[in-house]
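A, B, ... follow the sequence lines: proteins, then strands. Residue 1 opens every chain.
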Number of protein chains: 2
Amino acid sequence: MADKHAPDATRRSQRSRLAICEAALSLVAESGYDRLTVEGIAARAGVGKQTIYRWWPSKGAVLLDAFTETMVAGEWALPDTGDLAADLKTVLRATVDEFADPGFHAPYRALYVAMADDAELAAGFTAKVLEPGARAYAERIRAAQACGQADPGCDARLAAEALLAPFAQRWLMRNQPLSHAFTDSLVDLVLAGLRPRG
Amino acid sequence: MADKHAPDATRRSQRSRLAICEAALSLVAESGYDRLTVEGIAARAGVGKQTIYRWWPSKGAVLLDAFTETMVAGEWALPDTGDLAADLKTVLRATVDEFADPGFHAPYRALYVAMADDAELAAGFTAKVLEPGARAYAERIRAAQACGQADPGCDARLAAEALLAPFAQRWLMRNQPLSHAFTDSLVDLVLAGLRPRG
């Protein structure tokens with residue numbers, strides 16, 4: 001976020017960071033992670049390679065920051081209309097739509113590739129993307145437990161994983177359709193397991 | 001599998017294939033997928049690069065065959081002792097132990113990396129590894145549905161995904177423990193959703 005009162009040098013730095021992030025996102029969407037290089041990002045952003053290495057240790061780290069900068073803090077909380085099933089279905093349907101957008105899923109897929117081989121990047125992605133997501137789902141489930149809509153004896157965090165992981169796996173493997181019907185059924189299955197005991 | 005009556009040339013081919021597969025598996029365990037090359041596999045296996053390219057289009061394809069050759073056909077079926085929860089817990093506990101073995105998880109992780117960027121390899125991995133696994137779980141659940149141990153109205157395939165995907169995600173992300181306690185709780189959660197309706 002640009003600060004109007006920042007001194008010129010800081011504003012120049014912010015402009016460079018933004019240009020680097022934008023370059024990384026567009027390059028990965030155009031030609032994939034394999035062909036992404038720090039040199040390529042520098043050239044597209046109009047900065048020197050050393051400027052990038054001053055702030056980031058690797059192309060994966062640039063991509064993680066570029067990706068997470070588009071996320072608004074506090075955006076994670078799930079809606080609470082009082083109907084857990086409806087709220088989960090709404091959010092998961094929106095996620096299906098989001099993952100159908102190449103501008104979103106190209107860098108996300110690239111980060112997955114990079115992470116599988118890079119434990120440090122995996123830790124960053126987990127902390128900045130996966131954990132806030134899982135926590136938001138778990139909190140919404142806990143709110144339902146608190147008002148008697150879900151069995152308070154169930155592990156809300158585990159239920160969140162049971163909702164999110166099948167989605168992530170289908171997307172990663174491209175082996176099964178990623179549709180609203182799928183996420184609706186998944187919500188029904190997991191919530192059946194959370195039904196309050198009579 | 002070597003055929004005792006195969007002509008010499010075929011046996012030589014089989015020996016080369018085996019040497020190539022073993023070289024790929026040991027190299028990926030030693031230095032990761034990033035540094036794995038067709039040249040390196042050829043050198044370790046004592047064959048020419050062209051021998052590899054005669055059979056496989058890429059290092060990822062070699063690795064997929066090397067990995068799946070260690071799997072015995074028919075090994076996929078789950079035990080059926082008549083107790084669905086116990087059987088699922090037994091198999092998932094064994095899977096936890098298997099994934100703790102570096103000889104197994106190094107090539108598996110490498111395949112994940114390769115797949116995320118290679119749709120053709122992802123299709124092969126899905127057909128040879130993921131689908132047989134998911135199908136075996138779904139069949140065990142269907143057997144329980146048939147004898148009234150699980151709600152026949154539930155989607156057995158989706159339940160299989162809800163059991164397998166959280167495991168895969170935890171393993172890929174290294175963000176949460178992959179323990180027997182985790183898989184036991186996951187089985188309890190998913191089976192609660194499959195409980196026969198009164």
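Heavy atoms from other residues, nucleotides or ligands lying under 6.0 Å from CD of B:Glu30 number more than 12.
Residue contact with chain B, scored on non-hydrogen atoms closer than 4.5 Å, involves the backbone and the side chain of A:Ala159 alike. For A:Leu191, no part lies near chain B; criterion is any non-hydrogen pair under 4.5 Å. Both the backbone and the side chain of A:Ser185 come within contact range of chain B, each with at least one heavy atom under 4.5 Å from a heavy atom of that chain.
When B:Arg109, B:Arg170, B:Glu161 are compared by the number of non-hydrogen pairs under 4.5 Å with chain A, B:Glu161 comes out ahead. Looking only at heavy-atom pairs under 4.5 Å with chain B, the residue among A:Leu164, A:Val190, A:Leu189 that has the most is A:Leu189. Your options are B:Ala162, B:Pro166, B:Ala122, B:Ala123, and the one with the most heavy-atom pairs under 4.5 Å with chain A is B:Pro166.
Classification of the A:Phe167-A:Phe182 ring pair by plane angle, with boundaries at 30° and 60°, yields parallel.
The CH2 atom of A:Trp56 lies 8.5 Å from the CD1 atom of A:Ile41; values are rounded to the nearest 0.5 Å.
Under the 4.5 Å side-chain criterion, counting only non-hydrogen atoms from C-beta, A:Leu163 is in contact with A:Leu88.
Between A:Glu139 and A:Arg135 there is no salt bridge, since none of the side-chain N atoms of the basic residue sits less than 4.0 Å from a carboxylate O of the acidic one.
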